[in-house]
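Just below is one structure, and these are the notes that go with it.
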Amino acid sequence: MSTSVSSVFDSIKMAPDDPILGLNEAFKEDPRKEKVNLGIGVYCTEDGKVPLLSCVEKTEKQMAEKGDPHTYLPISGIPDYDSGVQKLLFGPDSEVIKDKRAATVQTLGGTGALKEGADFLHSILDDPEVLVSTPTWGNHIAIFEHAGFKVGTYPYYDKATGKIEFDKMIDCLQSLEPKTVILMHACCHNPTGVDPTQEQWDEIVQVCIEKDLIPFLDIAYQGFGKDLDSDAYAIRQFADSGIRFIVASSFSKNFSLYGERVGALTVVCKDEDEAKRVLSQIKSLVRANYSNPPTHGAKIVATVLNDPELTEQWHKDLDEMRDRVKLMRKLLVESLKKQGSKKDFSFIENQNGMFSFSQLTPEQIERLRKDYGVYVVKSSRICVASLNKNNVDYTAKAICEVQE
């Protein structure tokens, strides 16, 4: 049945494809046997598959044998999950935990944590403004814009040197109005892989205190940089400083639970009373948004984090993933050099996490896709975790040839 009556939907335009997910679809449709997907941010094993971690497999078997019903969770999620998140972020002996100054809710992945945090801040700030790093994960901007924020940027990455423009970053932060939200990657910066040193983090903390800024830390890759504790350095420095701040965390990568959407939003407050009030407001937002979080992935994480044997196995699984990524960085740099690259790519080996800002030009990226089936995001970000011993030389050769 058709109708000629006009509709409010008539003027709707087609939204652009997501640059990363769209690239992934193009990769799937590419009929070439020899092709490499360096676009999507997923860790793969040496045989090119997303792993089922041994600690996850064991926990799921226990859960299946137990046969619990699939009931609703509390609005804030599984209590053991929330407490496990806090211990992982702040350390088990943290004063923040002892003083009950943190309000934590289970969220729909790290993205959901960012959105809930943005909505919460928008509800308490007048004319809210957030600054993100140049560059940052593209969805950061969309999330805060849709939450009603004015989104600006602060200097971060110098393409010429492959390092942080730290002095410019600090100068920018010192020029901001009080209560400006500063979104920062706590470790394994996406997309550059370049993180502040511990000394630089100490200075950032002091500037945020002096200028009365609101730090919002995104930690989606804890454990993929140096180790779980070292990667949480920035969060623990902010916690020790006494400043109020927010953390969005995720277990998608370090538990390889991408499809389970397992994340958390944590707000560090002045005291226990403030934390209770903050938690009540966030729960109200969650109730109006998606009511309560999903069960399966969070049960897995809660079980592992609260079982010493499973925790030890998780640490081994995570060490293996991190070590493999570091090896791929090393092999890629070695292969590029061996095959006569005109550019020095040694900076790739010094970066952290799953990603590298390769500094390839748009023209080179297009040639890689068209001529060699090597798929790279337009920003030049590559997912090092997608490389393996079977494709790293092919990738390096393709990169060298598009430099001609």
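Please read all numbers here as calculations on a predicted model, not as lab measurements.
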> Less than 4.5 Å apart, any side-chain heavy atom of V194 and any of F347?
Replying inline: no
> Given W137 and T111, is the side-chain contact (heavy atoms from CB on, under 4.5 Å) satisfied, shown in steps?
Replying inline: CA-CA 11 Å; W137 179 48; T111 303; 3.4 Å; yes
> So with a 6.0 Å cut-off around CD of E320, is the heavy-atom count from everything else above 12?
Replying inline: no
> Quick one: does R329's side chain have a donor or acceptor within less than 3.5 Å of a partner on I348's backbone?
Replying inline: yes
> Are any side-chain N or O atoms of S175 and backbone N or O atoms of C172, one a donor and one an acceptor, separated by less than 3.5 Å?
Replying inline: yes
>> Do T134 and Y157 make a side-chain contact, defined as non-hydrogen atoms from C-beta onward lying under 4.5 Å apart?
In response: no
>> Just by distance, no angles: are the side chains of E401 and Y372 close enough, under 3.5 Å, to form a donor-acceptor pair?
In response: yes
> What do the steps show when you test R236 against D240 for salt bridge (charged side-chain N to carboxylate O under 4.0 Å, His left out), and what is the final call?
Replying inline: CA-CA 6 Å; R236 296 178 186 184; D240 290 344; over 6 Å; no
> Is the shortest side-chain N to carboxylate O distance from R324 to E46 below 4.0 Å?
Replying inline: yes
>> Check the orientation of F216 and F144. Use parallel for under 30°, tilted for 30 to 60°, and perpendicular for over 60°.
In response: perpendicular
>> Checking R244 against E274 for the salt bridge (charged side-chain N to carboxylate O under 4.0 Å, His left out) test, could you report, in this order, the C-alpha distance in whole Å, the side-chain angles of both residues, the deciding distance, and whether it holds?
In response: CA-CA 11 Å; R244 297 171 175 89; E274 184 174 271; 2.8 Å; yes
>> Any non-hydrogen side-chain atom of E272 less than 4.5 Å from a side-chain atom of R101?
In response: no
>> Could you tell me if K35 sits above the aromatic ring of Y375, with its cationic atom closer than 6.0 Å to the ring centre and no more than 45 degrees from the axis?
In response: no
> Hey, does Y43 have a side-chain heavy atom less than 4.5 Å from the side chain of S256?
Replying inline: no
>> Main chain of D393, side chain of Q339: is a donor-acceptor contact present, judged purely on distance under 3.5 Å?
In response: yes
> Charged N to carboxylate O under 4.0 angstrom, E309 versus K58?
Replying inline: yes
> Just wondering, more than 12 heavy atoms not from D127 lying within 6.0 Å of its CG?
Replying inline: no
> Can you tell me if K150 uses its side chain to pair, donor with acceptor, with the backbone of E129 under 3.5 Å?
Replying inline: no
> What residues, two or more places apart in sequence or in another chain, satisfy side chain to side chain contact (heavy atoms under 4.5 Å, CB included) together with D317?
Replying inline: L53, S54, C55, Q313
>> Ignoring hydrogens and geometry beyond distance, is a side-chain donor-acceptor pair present between T192 and Q351 at under 3.5 Å?
In response: no
> What are the two closest non-hydrogen atoms of C269 and A275, and how far apart are they?
Replying inline: SG-CA, 3.6 Å
> How far apart are the C-alpha atoms of W201 and Y233, what are their side-chain angles, what is the distance that settles it, and do they pass the ring-ring contact (aromatic ring centres under 6.0 Å, His included) test?
Replying inline: CA-CA 8 Å; W201 273 120; Y233 180 84; 8.1 Å; no
> Looking at D171 and K168, does any basic side-chain N land under 4.0 Å from a carboxylate oxygen?
Replying inline: no
>> Does the Lys NZ or Arg CZ of R381 fall within the cation-pi geometry relative to F357 - under 6.0 Å from the ring centre and within 45° of the axis?
In response: no
>> As an exercise, state the distance from OG1 of T295 to CG of L73, rounded to the nearest 0.5 Å.
In response: 3.5 Å
>> If I compare all heavy atoms of P196 with all of Y156, which pair ends up nearest, and what's the gap?
In response: CD-OH, 3.4 Å
>> Testing the basics here: between R261 and S252, what is the closest heavy-atom pair and its distance to 0.1 Å?
In response: NH1-OG, 3.3 Å
> Between R32 and D30, what is the shortest heavy-atom contact and its length?
Replying inline: NH2-OD2, 2.7 Å
>> For K326 and D323: C-alpha separation, side-chain torsions, deciding distance, then whether salt bridge (charged side-chain N to carboxylate O under 4.0 Å, His left out) applies.
In response: CA-CA 5 Å; K326 289 182 177 180; D323 290 345; 5.3 Å; no
> Given the rule in the side-chain hydrogen bond (donor to acceptor under 3.5 Å, both in side chains) test, do Q106 and D82 qualify, once you have shown the distances and angles that lead to the verdict?
Replying inline: CA-CA 7 Å; Q106 178 190 332; D82 294 337; over 6 Å; no
> Would C208 and V205 satisfy side-chain contact (heavy atoms from CB on, under 4.5 Å), going step by step from the backbone distance to the final call?
Replying inline: CA-CA 5 Å; C208 288; V205 170; 5.8 Å; no
>> Before you tell me yes or no, could you show the steps for L331 and M328 under side-chain contact (heavy atoms from CB on, under 4.5 Å), namely the whole-Å CA-CA distance, both residues' side-chain angles and the distance that decides it to 0.1 Å?
In response: CA-CA 5 Å; L331 293 181; M328 288 305 107; 3.6 Å; yes
> Counting only N and O atoms by type, is there a donor-acceptor contact under 3.5 Å from the side chain of Q359 to the main-chain atoms of K159?
Replying inline: yes
> What pair of heavy atoms forms the shortest contact from T104 to L279, and how long is it?
Replying inline: O-CD1, 4.0 Å
> How are the rings of F238 and F245 set relative to one another: parallel (under 30°), tilted (30 to 60°) or perpendicular (over 60°)?
Replying inline: tilted
> Do S291 and I75 have side chains that get closer than 4.5 Å, going by heavy atoms?
Replying inline: no
> Step by step, would you call H122 with H146 a ring-ring contact (aromatic ring centres under 6.0 Å, His included)?
Replying inline: CA-CA 11 Å; H122 185 270; H146 280 281; over 10 Å; no
> Does T303 use its side chain to pair, donor to acceptor, with the backbone of K299 at less than 3.5 Å?
Replying inline: yes
>> For a quick test of reading the model, state the closest non-hydrogen atom pair linking T136 to H185 and the distance between them.
In response: OG1-NE2, 2.9 Å
>> To the closest 0.5 Å, what do you measure between CD1 (I78) and CG (N292)?
In response: 11.0 Å
> With no hydrogens and no angle check, is any side-chain donor or acceptor of T395 less than 3.5 Å from a backbone partner on N391?
Replying inline: yes
> Just how far is it from atom CD of E116 to atom CG of L265, taken to the nearest 0.5 Å?
Replying inline: 7.5 Å
> Taking C-beta and beyond as the side chain, do V85 and S249 meet within less than 4.5 Å on heavy atoms?
Replying inline: yes
> Are there more than 12 heavy atoms of other residues, nucleotides or ligands under 6.0 Å from atom NZ of K343?
Replying inline: yes
> With no hydrogens and no angle check, is any side-chain donor or acceptor of D231 less than 3.5 Å from a backbone partner on G225?
Replying inline: yes
> Any side-chain donor paired with an acceptor under 3.5 Å for D218 and H140?
Replying inline: yes
> Quick check: does any side chain N or O of H189 sit under 3.5 Å from a backbone N or O of D195, one acting as donor and the other as acceptor?
Replying inline: no
> Once the angle between the rings of F224 and Y221 is folded into 0 to 90°, is it parallel (under 30°), tilted (30 to 60°) or perpendicular (over 60°)?
Replying inline: perpendicular
> With a 4.0 Å cut-off, would you call K179 and D212 a salt bridge?
Replying inline: yes
>> Could you check whether any side-chain N or O of S123 sits under 3.5 Å from a backbone N or O of F120, counting only pairs where one atom can act as donor and the other as acceptor?
In response: yes
> Is the shortest heavy-atom distance from the side chain of D371 to the side chain of V402 under 4.5 Å?
Replying inline: no
>> What's the separation between atom CD1 in I399 and atom CD1 in I382, rounded to the nearest 0.5 Å?
In response: 5.5 Å
>> Nearest 0.5 angstrom please: Q222 CD to S250 OG, how far?
In response: 10.5 Å
> Going by an N to O cut-off under 4.0 Å, is there a salt bridge joining E334 and K330?
Replying inline: yes
> Atom CZ in R369, atom CD in Q364: separation rounded to 0.5 Å?
Replying inline: 15.0 Å
